[in-house]
Amino acid sequence: MKATVIATFFGVFLTCTYTAKDATKKTKKAKLYVPQIDCDVKAGKIINPEFIAKCPPGCQDVKYRVYGTDIYASFSSVCNAAIHSGIIDNTGGKILVQKVAGHSGYRGSFSNGVRSLSLPRWRESFLVSEGKPRKGVTYPTTLEYSSSKSTTVKSEPKKPEQDLKGMKSADTANTSEKALEEGDTVRKENQTTPVPTPATQMATTTPTPMTTTTDPSTTMPQPTKTPAATRTTAAAAKTRPGLHRVRDMGSSSVHPAYASVVAAAARQVQAAQGRGQNTAMETDSWKPGLNLFYTGFSSKEELNPKPLEPISQGNQNCKVDLSFLMDGSWSIGKRRFQLQKRFLGNVAQALGIGSAGPLMGIVQYGDDPSTEFNLKTYANSKDLRNAIEKIQQKGGLSNVGKALSFVNKNFFLDANGNRGGAPNVVVVMVDGWPTDRVEEASRLARESGINIFFVTVEAAAQSEKQNVIEPNFVDKAVCRTSGFYSINVPSWFSLHKVVQPLVKRVCDTDQLACSKTCLNSADIGFVIDGSSSVGTGNFRTVLQFVANISKEFEISDTDTRIGAVQYTYEQRLEFSFDKHSTKQDVLNAIKRISYWSGGTSTGAAISYASEQLFSKSKPNKRKIMILITDGRSYDDVSMPAMAAHQNGVIAYSIGVAWAAPDELEAIASDPAKEHSFFVDEFDNLYRYVNQLIQNICTEFNSQPRN
């Protein structure tokens with residue numbers, strides 16, 4: 001009997017055990033449902049900070065634009081970025097997307113059949129990788145998209161001051177949707193907050209605790225190790241003089257590869273994490289109780305650690321951010337390396353380094369580049385000269401192209417002391433000729449707004465020219481081939497003669513055309529419809545739209561300048577291009593514009609803006625007119641618009657409600673579909689802020705180099 005009971009119990013136990021195992025197996029076999037996204041979906045439109053998605057076939061198309069390489073701006077097509085990075089091909093497939101911090105520069109490239117574009121900066125980025133779940137991370141089976149249309153319930157007309165403060169009668173979630181711009185939303189409670197936003201973030205919300213951890217090391221590409229076979233030591237250089245001349249071989253030693261690069265990367269990530277505690281987005285201007293014109297821009301003194309009190313403010317007539325690429329290759333030799341350091345010290349003295357004048361950092365290159373010190377390390381010429389004297393030679397080849405890529409990605413960051421309003425300048429010292437290609441790296445640097453100067457010493461002899469990898473490398477690297485951006489010195493011993501000529505050129509900010517980007521090179525004139533059909537509340541919404549566009553640009557008297565005209569039957573110059581030279585002053589001026597009310601004479605307004613604003617534009621500025629109207633004009637718009645186009649004005653038209661599509665196209669520059677927009681109501685204007693900036697930057701990047 002006992003045996004029977006025991007056997008029965010044992011059988012029940014085994015049955016339960018195997019049933020549990022089967023259940024476990026079934027649970028393990030349960031597959032994650034992967035949501036599908038369309039080719040035109042951009043990362044910024046998806047709220048989830050990390051997700052796996054399936055891309056359809058056919059996303060490899062130029063209409064699905066991509067910005068960046070490896071790290072992509074959030075208004076890039078997710079699927080085409082995955083094709084560009086090589087994760088999938090045009091047949092589609094599963095991908096893993098991780099939102100990361102915004103970057104100060106995105107470089108374009110051609111990869112896997114996709115041409116990505118360059119962009120100076122954007123507030124949010126993303127990474128794409130193979131569509132496999134990461135351990136410990138739960139992925140959504142349904143993606144949460146940002147709202148494209150407001151769900152706010154309309155109420156009775158508000159007082160102007162209420163409208164100005166964005167007092168909308170909607171709950172927090174709906175307000176978040178209203179605040180949304182492409183790639184830019186206020187995260188809801190229980191959702192993961194993306195890692196650090198750039199220096200232009202807007203401090204309007206408190207971040208919620210993260211539920212998914214993104215490795216901060218993914219916010220920048222890791223350097224690829226150079227194969228040992230390609231590294232050149234002093235002994236190897238002696239045995240191969242035909243590749244690159246070797247002079248005065250001294251006791252210089254090769255530093256450990258990439259030690260400085262990795263250290264600089266770690267410092268950058270640490271600084272980004274420090275800035276990333278507040279993750280609210282810059283254009284969230286619709287939150288209840290928030291002043292619509294609060295920009296959220298912190299001063300550079302708040303964003304970066306303050307340097308020691310400088311001895312002087314420096315030469316205020318030469319406000320540039322300057323990086324010297326110092327040749328540390330074996331070919332230069334010990335003695336000439338000392339002459340190079342003396343030259344750099346003399347340049348630092350002649351520049352007059354100071355917090356209100358020029359700032360200078362040094363990157364030494366050989367096989368690989370590394371930062372000796374950045375822009376904020378030294379705030380006076382004396383300390384800078386002492387630091388230069390202590391630099392030790394790296395050795396290796398003269399990989400100038402690799403050094404330019406390094407500077408473009410890593411040097412001119414806010415965390416490293418970049419001031420934004422000061423032109424970025426790189427001076428490349430080259431002994432002989434580079435041992436790699438410079439054309440592509442310099443093109444990407446120029447697109448990021450960097451002025452590249454070359455100081456070449458002792459060019460290749462006739463017998464050595466066959467070893468030059470890229471003939472005429474200087475002309476391929478600089479943005480103007482007039483000779484302004486290049487100086488050739490026959491001997492290192494005569495280098496002292498070019499100190500003053502180089503300083504004069506570097507400080508001539510009017511000639512530094514290569515520091516121009518889509519964000520700092522324009523005179524932008526807003527032509528604002530103030531007719532009676534607009535109404536007071538909607539007029540304040542239009543002004544907020546104007547403010548949100550304006551604060552995306554780098555504003556100063558030498559960068560982008562903003563002007564505004566309001567029109568009805570008549571026209572009124574609200575403020576001219578030379579009136580306000582800081583971003584905050586411009587935003588305050590926009591806020592003070594008072595509603596006029598009257599008729600709608602858009603053609604006369606275009607002519608007035610041409611005469612009162614754009615006739616006074618600087619010769620080296622791009623002239624951009626952004627016209628906002630809500631109805632058909634009482635006069636002809638085609639002839640005034642044509643005259644403006646012929647005078648070099650790039651016109652964008654934004655129509656609301658009863659605006660006439662044919663007039664919007666007549667006002668807009670060619671192609672009209674990229675220069676004209678229409679929304680059904682004023683509250684939807686915010687949707688076109690990012691698109692407008694994107695189109696302006698795309699058009700700028702497509703311009704011929706010379």
Side-chain angles (χ1 to χ4, degrees), residues 104 199 264 267 271 297-326 340-364 371-391 407 410-429 449-453 455 487 495-496 498-512 514-515 520 554-559 581-585:
S104 60
R267 288 193 297 271
F297 286 92
S298 300
S299 66
K300 297 296 180 187
E301 290 75 20
E302 292 171 344
L303 293 171
N304 300 317
K306 290 185 178 181
L308 296 176
E309 190 67 27
I311 295 175
S312 70
Q313 295 297 302
N315 178 9
Q316 298 184 27
N317 294 321
C318 180
K319 188 177 180 180
V320 295
D321 289 344
L322 175 65
S323 172
F324 266 89
L325 286 186
M326 187 180 191
Q340 182 179 208
K341 291 200 296 185
R342 186 183 305 169
F343 170 73
L344 294 179
N346 291 339
V347 169
Q349 183 65 40
L351 281 169
I353 302 299
S355 58
L359 294 179
M360 177 174 163
I362 289 181
V363 171
Q364 184 182 173
T371 301
E372 297 291 343
F373 45 83
N374 61 33
L375 293 168
K376 67 179 182 181
T377 307
Y378 300 105
N380 61 75
S381 297
K382 180 180 178 181
D383 292 345
L384 184 58
R385 294 188 72 177
N386 291 337
I388 292 171
E389 193 57 37
K390 296 175 183 177
I391 295 175
V407 168
N410 302 292
F411 189 85
F412 293 107
L413 303 174
D414 291 342
N416 293 336
N418 184 47
R419 292 174 287 184
N424 294 158
V425 179
V426 170
V427 178
V428 186
M429 306 290 297
I450 298 174
N451 292 276
I452 302 174
F453 286 81
V455 177
I487 298 176
L495 196 58
H496 63 280
V498 302
V499 171
Q500 291 300 331
L502 178 63
V503 168
K504 183 178 179 180
R505 296 186 193 188
V506 165
C507 292
D508 190 353
T509 55
D510 289 337
Q511 293 290 325
L512 296 182
C514 303
S515 63
N520 70 5
E554 297 170 14
I555 296 173
S556 76
D557 54 355
T558 58
D559 293 314
S581 59
T582 69
K583 184 173 295 185
Q584 192 58 57
D585 286 346

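Hydrogens, waters and symmetry mates play no part in the numbers below; they use all other heavy atoms, side chains included.
Listed for the R419 side chain is a donor-acceptor partner under 3.5 Å among the backbone atoms of S355. Looking only at distances, no side-chain donor or acceptor of K376 sits under 3.5 Å from a matching main-chain atom of D414.
With sequence neighbours excluded, the residues forming a side-chain hydrogen bond (donor to acceptor under 3.5 Å, both in side chains) with K341 are Q338, listed by chain and number. With sequence neighbours excluded, the residues satisfying side chain to side chain contact (heavy atoms under 4.5 Å, CB included) with Q349 are S381, R385. Every ring pair (Phe, Tyr, Trp, His ring centres under 6.0 Å) that F453 has, sequence neighbours left out, goes to F484, Y485. For C318, the side chain to side chain contact (heavy atoms under 4.5 Å, CB included) test picks out N315, V320, L351, P358, C507, with sequence neighbours left out. Residues satisfying the side chain to side chain contact (heavy atoms under 4.5 Å, CB included) test with D585, not counting sequence neighbours, are H580, T582.
Taking all atoms of both residues into account, the shortest heavy-atom contact from L359 to G417 is CD1-O, 4.3 Å. When all heavy atoms of N374 and T371 are compared, the closest pair comes out as N-CG2, 4.0 Å. The two residues L344 and M360 come nearest to each other via the heavy atoms O-CE, 4.0 Å. Of all heavy-atom pairs between F412 and I450, the closest is CD1-CD1, 3.8 Å. Residues V503 and A350 come closest through the heavy atom pair CG2-CB, 3.9 Å. D559 approaches I555 most closely through the heavy-atom pair CB-C, 4.4 Å.
Using a 4.5 Å cut-off on side-chain heavy atoms (C-beta onward), N424 and F411 make no contact. Counting only heavy atoms from C-beta outward, the side chains of F324 and I388 never approach each other to under 4.5 Å. Looking at heavy atoms from C-beta onward, N451 lies in side-chain contact with V425 at the 4.5 angstrom threshold. Considering only heavy atoms from C-beta on, Y378 stays 4.5 Å or farther from I353 through its side chain.
Rounded to the nearest 0.5 Å, atoms CG (N520) and CD (E554) are 5.0 Å apart. Rounding to the nearest 0.5 Å places CG of L502 at 9.0 Å from CG of L495. Distance CD/Q364 to CD1/I391: 6.5 Å, rounded to 0.5 Å. Going from atom OG of S323 over to atom CG of N410 covers 11.0 Å, rounded to the nearest 0.5 Å. Within the model, atoms CE of M326 and CD of E372 stand 7.0 Å from one another, a figure rounded to the nearest 0.5 Å.
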